Visitor: 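Okay, handing you the structure first.
Just so you know, ligand 1 is whichever comes first in the structure, and atom 1 is the first atom listed for that ligand. These numbers were taken from a predicted model, which means no experiment stands behind them.
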Amino acid sequence: VIKKIEHIGIAVQHLEDAEKIFSALLEQLPYKREEVASENVLTSFFKVGETKMELLKSLSPDSAIAKFIEKRGQGIHHIALDVEGIEDEIKRLVEKGFELIHLSPKDGADNKRIAFLHPKSTCSVLIELCEEKK
Ligand code: ZN
């Protein structure tokens, strides 16, 4: 079950600069920063109503975020959908013909289990499925 847009991930070059911009825009400070070692990124989160914005800064030149910025520049990197029963959702999407980058969920930032869909099966939009760890 897809519940809502959980967050929008934005690839940024400089985290501090981006935090200042989004703090001014949203009139709030980020509520947390978190390193995701498996992805080699440092993340910073803002709450926007029911949804969040996740700033993503690469910590290594060969991370997915570094490659994204190199190719396309800063900007919207992914849209994350909050799901209930992530294994079942992965199965459902595979059956529908979507290409999944992760066939089983892995640990993501913000206490989530996550899986990405390949953007070539979703109109070039990288989609993340995420479910709060219980
Ligand atoms: Zn995300």
Visitor: Looking only at N, O or S atoms, find the one in E54 nearest to the Zn ion (ligand 1) and name it.
Guide: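 When I compare the N, O and S atoms of E54, OE1 is nearest to the Zn ion (ligand 1).
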Visitor: Near the Zn ion (ligand 1), is there an N/O/S atom from C130 that is less than 2.8 Å away?
Guide: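 Short answer: no, not a single N, O or S atom is under the cut-off.
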Visitor: What are the two closest heavy atoms between A115 and I90, and how far apart are they?
Guide: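 Closest heavy-atom pair between A115 and I90: CB-CD1, 3.7 Å.
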Visitor: Closest to the Zn ion (ligand 1), which N/O/S atom of H78 is it?
Guide: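 Of all N, O or S atoms in H78, the Zn ion (ligand 1) lies closest to NE2.
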Visitor: Distance check, rounded to the nearest 0.5 Å: K32 atom NZ versus E54 atom CD?
Guide: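 Nearest 0.5 Å value for the NZ-CD distance: 10.0 Å.
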Visitor: Quick check: are there more than 12 heavy atoms from other residues, nucleotides or ligands sitting under 6.0 Å from NZ of K91?
Guide: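 Atom NZ in K91 is not crowded, with 12 or fewer foreign heavy atoms closer than 6.0 Å.
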Visitor: Can you give the angle E128 OE1 - the Zn ion (ligand 1) - H7 NE2, rounded to 10°?
Guide: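 So the angle at the metal works out to 100°.
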Visitor: Rounded to the nearest 0.5 Å, what separation is found between the NE2 atom of H7 and the NE2 atom of H78?
Guide: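 These two atoms lie 3.5 Å from each other.
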